[in-house]
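Step one of this worksheet: look at the structure below.
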Amino acid sequence: MRRLLRILLNTATVLSLVLCAATMAAWVRSYQVRDVGSWSMASPRLDLAVNTYRGGLFAGFYKSVGTQDNLDSPGTGGWYHTPTLSYTDSDGPQGTLFNRFGFALDYSRNSAYENRYLACPYWFILLLTSILPAARLAAWRRRRVRRLRVGAGLCQHCGYDCRATPDRCPECGRPTGDETSR
Ligand SMILES: [Zn+2]
């Protein structure tokens, strides 16, 4: 069970690192070119659009309501590039502090379609994807320091020289035994 957990944790860490690197690349790219991807589905009648602005990602969902149909024809879609657009040039909601950091959430509706809209800055995605690798690195460094201290005859908790008192640290009072496997 522990073994399985370890494998899952390692897989999640590697995946996080890959996403982290991809986000960095996409972040840089977003200042050079604007990527636009769109897909149209027949059932449910829905248009999806994902595109980039300088420093972030937009996602839009357009759902047909009522009898009119102003959406693209179903089955169409594709990927293309256009010149970059700053967040403030985009047609998303603007003005709040939430927006100024590059986030946006919007919902609008008229007789023809429902429009849902989401914007997320790359720095936020980078933050999310780097939490797990950073935590693992910190844990690994802690284990390494402990192992080095035990190997050198020092207290694994405070680093005090315990070669004369191998069982218990005279400085912090804790057992000096090798607990690096924890
Ligand atoms: Zn100690």
Side-chain angles (χ1 to χ4, degrees), residues 1-35 37 48-61 79 84-88 90 92-107 116-182:
M1 191 62 194
R2 273 186 76 115
R3 211 180 118 87
L4 182 69
L5 275 176
R6 190 166 291 269
I7 290 170
L8 282 176
L9 198 61
N10 285 344
T11 308
T13 306
V14 169
L15 210 66
S16 266
L17 273 174
V18 170
L19 283 174
C20 200
T23 303
M24 270 191 256
W27 194 354
V28 171
R29 182 178 164 83
S30 74
Y31 287 89
Q32 293 153 353
V33 68
R34 180 170 202 219
D35 294 297
L48 304 174
V50 177
N51 59 81
T52 60
Y53 63 97
R54 283 180 217 138
L57 267 179
F58 282 115
F61 309 89
W79 194 263
T84 59
L85 195 69
S86 76
Y87 181 73
T88 46
S90 71
Q94 286 161 27
T96 68
L97 194 63
F98 182 68
N99 294 152
R100 233 165 285 151
F101 277 109
F103 295 99
L105 259 178
D106 192 31
Y107 174 79
R116 277 186 186 79
Y117 176 97
L118 173 81
C120 185
Y122 282 124
W123 66 259
F124 185 70
I125 303 172
L126 201 66
L127 191 73
L128 290 183
T129 55
S130 62
I131 289 172
L132 185 60
R136 295 296 302 279
L137 185 69
W140 175 78
R141 284 199 55 154
R142 253 197 321 274
R143 277 200 305 274
R144 190 163 164 270
V145 164
R146 234 183 261 159
R147 206 174 299 140
L148 285 175
R149 281 175 170 174
V150 169
L154 308 179
C155 172
Q156 60 168 313
H157 305 289
C158 68
Y160 191 81
D161 190 339
C162 293
R163 279 173 295 182
T165 53
D167 293 333
R168 193 164 289 276
C169 171
E171 182 69 15
C172 69
R174 284 185 278 190
T176 56
D178 188 347
E179 295 171 44
T180 51
S181 57
R182 249 192 326 169

Checklist outcome for this item: Sorted by chain and number, sequence neighbours left out, salt bridge (Lys or Arg N to Asp or Glu O under 4.0 Å) with Arg163 holds for Asp161

Item to check | side-chain contact (heavy atoms from CB on, under 4.5 Å) between Cys162 and Leu154, worked out | outcome: CA-CA 5 Å; Cys162 293; Leu154 308 179; over 6 Å; no

Item to check | Pairs meeting criterion side-chain hydrogen bond (donor to acceptor under 3.5 Å, both in side chains) with involvement of residues 14-31, two or more places apart | outcome: Arg29-Asp35

Checklist entry - In chain order, what residues pass the side chain to side chain contact (heavy atoms under 4.5 Å, CB included) check against Leu9, with sequence neighbours excluded? => result Leu132, Arg136

Item to check | side chain to side chain contact (heavy atoms under 4.5 Å, CB included) against Thr11, all qualifying residues, sequence neighbours excluded | outcome: Ile7

Checklist entry - Taking side chain as C-beta onward, heavy atoms only, is Pro133 less than 4.5 Å from Cys20? => result no

Checklist entry - Out of curiosity, Phe58 CZ to Asp106 CG, how far, rounded to the nearest 0.5 Å? => result 11.0 Å

Checklist entry - Under the side chain to side chain contact (heavy atoms under 4.5 Å, CB included) test, which residues partner Leu48, sequence neighbours left out? => result Trp39, Leu46, Phe61

Checklist entry - Can you name the closest pair of heavy atoms from Thr52 and Tyr122 and give their distance? => result CG2-OH, 3.4 Å

Checklist entry - Can a donor-acceptor pair be found between the side chains of Asn10 and Thr13 at a distance below 3.5 Å? => result no

Checklist entry - Closest approach of Gly173 and Arg168, non-hydrogen atoms and distance? => result O-NH1, 2.7 Å

Item to check | Pairing residues for Arg116 by the side-chain hydrogen bond (donor to acceptor under 3.5 Å, both in side chains) criterion, not counting sequence neighbours | outcome: Glu114

Item to check | Straight-line distance of Leu128 CG to Trp123 CH2, nearest 0.5 Å | outcome: 9.0 Å

Checklist entry - How would you list, by chain and number, every residue that makes a side chain to side chain contact (heavy atoms under 4.5 Å, CB included) with Cys120, sequence neighbours excluded? => result Phe103, Phe124, Ile125

Checklist entry - Under the side-chain hydrogen bond (donor to acceptor under 3.5 Å, both in side chains) test, which residues partner Arg34, sequence neighbours left out? => result Asn51

Next on the checklist: Testing the basics here: between Trp79 and Gly37, what is the closest heavy-atom pair and its distance to 0.1 Å?
Outcome noted: CE3-CA, 3.2 Å

Checklist entry - Do you know the tightest heavy-atom contact between Pro175 and Gln156? => result O-NE2, 4.3 Å

Checklist entry - If you draw a 6.0 Å radius around CZ in Phe101, do more than 12 non-hydrogen atoms from other residues or ligands fall strictly inside? => result no

Next on the checklist: I need the minimum non-hydrogen distance between Cys169 and Tyr160, along with the two atoms involved.
Outcome noted: SG-CB, 4.0 Å

Item to check | Any Val145 side-chain heavy atom under 4.5 Å of Arg149 side chain | outcome: yes

Next on the checklist: Using every non-hydrogen atom in the two residues, find where Tyr87 and Gly102 come nearest and quote the distance to one decimal.
Outcome noted: CE1-O, 4.2 Å

